[in-house]
Asks: 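Submitted below is the structure of interest, expressed as structure tokens.
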Amino acid sequence: MNELSQLHFMRPEWLWALVPAVIFIFLLWRQRQNSGGWSEVIAPDLLPFLVGDNTASRGPNLLPFIMLAWLLAVLGAAGPSWKKIPQPIHQKQDAMVLVLDLSYSMKAGDLAPSRLDRARQKLLDLLQLRKEGQTGLIAYAGDSHIVTPLTDDNPTIANLLPVLSPDMMPVPGSNTPAAMAQAIDLMHSAGVSQGQIILVTDGVDEDARIAVQKLLKGSGMQLSVLGVGTATGAPIPLSRGGFLKDDSGTIVIPTLNQSA
């Protein structure tokens, strides 16, 4: 009984084919009843002499076999199954692209141990809580790169996050519009018309903000921004020691513009 309760049809619309089968079998039965009924119009004592003993008898009744064959064909077309296969339709619609800023300012230590470490931890927490849907990851600095395309394998994305660093980016800078354009293209190329983009950054200048707004218009994507950093800021440590300085020799202290 438990197995019968789990029985379902993958293409149940084929069961409607049983309706014309019933009508067809009924018409054949009526035709069989009416055909060969010479006994109703010929006297019994004359019947053997006019139609003969062999022709007076009816042939084998094939209607049950026809009905059984039709029933088996319809059930086969309906696709009976005891196991449901999860469909990826909902996952495809619930798509999210994580866009991580890997500019050198993310090395600042105003959020201990650094802005980048805290951003990685936030994304790891998000991946752990995200049970359904497809997720992609893009890292950017002066240019943008796809780390992982849209996938439901969140552990793989989580394993790649710790190795991401500004030192591995070929072009320094913070080209947010390029990253956003790549995130939108990644969604559209996967057939996603509506999705979410999570931008994790410590700053977007005014020109980039305007460019991002133009990219989002009519794209079907919803943008959420996670600002990383503090209003006081902190120096940017260098791998060879010391801190990053500008052309005048002053230590650069990037701050987070929360309102922007």
Side-chain angles (χ1 to χ4, degrees), residues 95-127 129-130 135-148 157 161 164-188 192 194-238 243-260:
M96 174 184 293
V97 174
L98 308 175
V99 181
L100 177 61
D101 186 354
L102 289 182
S103 58
Y104 277 104
S105 58
M106 291 290 286
K107 288 187 172 183
D110 50 347
L111 294 178
S114 71
R115 294 179 179 181
L116 182 57
D117 289 325
R118 294 291 289 273
R120 289 199 199 104
Q121 188 58 54
K122 286 293 185 182
L123 293 181
L124 289 173
D125 292 341
L126 188 150
L127 291 173
L129 293 173
R130 186 168 168 79
T135 308
L137 176 61
I138 290 177
Y140 76 97
D143 55 359
S144 178
H145 301 274
I146 298 176
V147 181
T148 60
I157 303 177
L161 274 173
L164 298 180
S165 169
D167 297 322
M168 68 187 301
M169 301 303 290
V171 180
S174 183
N175 194 345
T176 306
M180 291 298 302
Q182 192 170 47
I184 295 173
D185 290 340
L186 183 61
M187 290 280 202
H188 290 168
V192 179
Q194 293 183 344
Q196 301 181 62
I197 299 177
I198 308 296
L199 174 62
V200 184
T201 179
D202 61 355
V204 179
D205 59 36
E206 182 64 17
D207 293 338
R209 183 186 66 81
I210 296 174
V212 168
Q213 284 183 332
K214 292 181 180 179
L215 289 170
L216 289 173
K217 187 176 181 181
S219 67
M221 303 301 151
Q222 179 181 359
L223 173 65
S224 299
V225 182
L226 176 61
V228 185
T230 62
T232 56
I236 302 172
L238 300 176
F243 298 99
L244 182 66
K245 298 179 181 180
D246 59 17
D247 295 337
S248 62
T250 304
I251 296 178
V252 177
I253 302 180
T255 60
L256 177 66
N257 187 347
Q258 295 184 3
S259 59

Asks: Are Tyr140 and Leu100 side-chain neighbours, meaning at least one heavy-atom pair lies under 4.5 Å?
Replies: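 Not touching, per the 4.5 Å side-chain cut-off.
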
Asks: Minimum heavy-atom separation for Ser105 to Ile236, with atom names?
Replies: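 Shortest heavy-atom separation between Ser105 and Ile236 comes out as CA-CD1, 3.5 Å.
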
Asks: Side chains of Asn257 and Ser259: any donor to acceptor distance under 3.5 Å?
Replies: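 Yes, side-chain donor-acceptor contact under 3.5 Å.
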
Asks: With the side chain counted from C-beta on, respond yes when Leu226 and Lys122 share a heavy-atom pair under 4.5 Å apart, and no when they do not.
Replies: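 Counting from C-beta outward, Leu226 and Lys122 do come under 4.5 Å.
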
Asks: For Ser114, check side chain to side chain contact (heavy atoms under 4.5 Å, CB included) against everything at least two apart and list the hits.
Replies: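 Scan of Ser114 (side chain to side chain contact (heavy atoms under 4.5 Å, CB included), adjacent residues dropped) gives Leu116, Asp117.
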
Asks: Answer yes if the side chains of Arg130 and Thr135 hold a donor-acceptor pair under 3.5 Å, and no otherwise.
Replies: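 The answer is yes; a qualifying pair exists.
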
Asks: So, the side chain of His188 versus the backbone of Ser219: is there a donor-acceptor pair under 3.5 Å, distance only?
Replies: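 Yes, because the side chain of His188 sits within donor-acceptor range (under 3.5 Å) of the backbone of Ser219.
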
Asks: Taking all atoms of both residues into account, what is the closest heavy-atom pair of Gly173 and Ser103, and its distance?
Replies: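 That would be O-CB, 3.1 Å.
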
Asks: Contact between Leu199 and Thr176 at the side-chain level, heavy atoms closer than 4.5 Å - yes or no?
Replies: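 Yes - at least one pair of side-chain heavy atoms lies under 4.5 Å apart.
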
Asks: Taking only Lys NZ, Arg NE, NH1 and NH2, and the carboxylate oxygens of Asp or Glu, determine whether Lys107 and Asp167 approach each other closer than 4.0 Å.
Replies: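 The answer is yes: the pair qualifies as a salt bridge.
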
Asks: Taking the side chain as C-beta and beyond, is there a heavy-atom pair between Leu164 and Leu137 under 4.5 Å?
Replies: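 Yes - at least one pair of side-chain heavy atoms lies under 4.5 Å apart.
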
Asks: So, do Lys245 and Thr250 sit near enough that their side-chain heavy atoms are less than 4.5 Å apart?
Replies: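 SC-SC contact between Lys245 and Thr250 ruled out.
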
Asks: With sequence neighbours left out, write down each residue that passes side chain to side chain contact (heavy atoms under 4.5 Å, CB included) with Pro172, or none if nothing qualifies.
Replies: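 Pro172: side chain to side chain contact (heavy atoms under 4.5 Å, CB included) contacts with Tyr104.
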
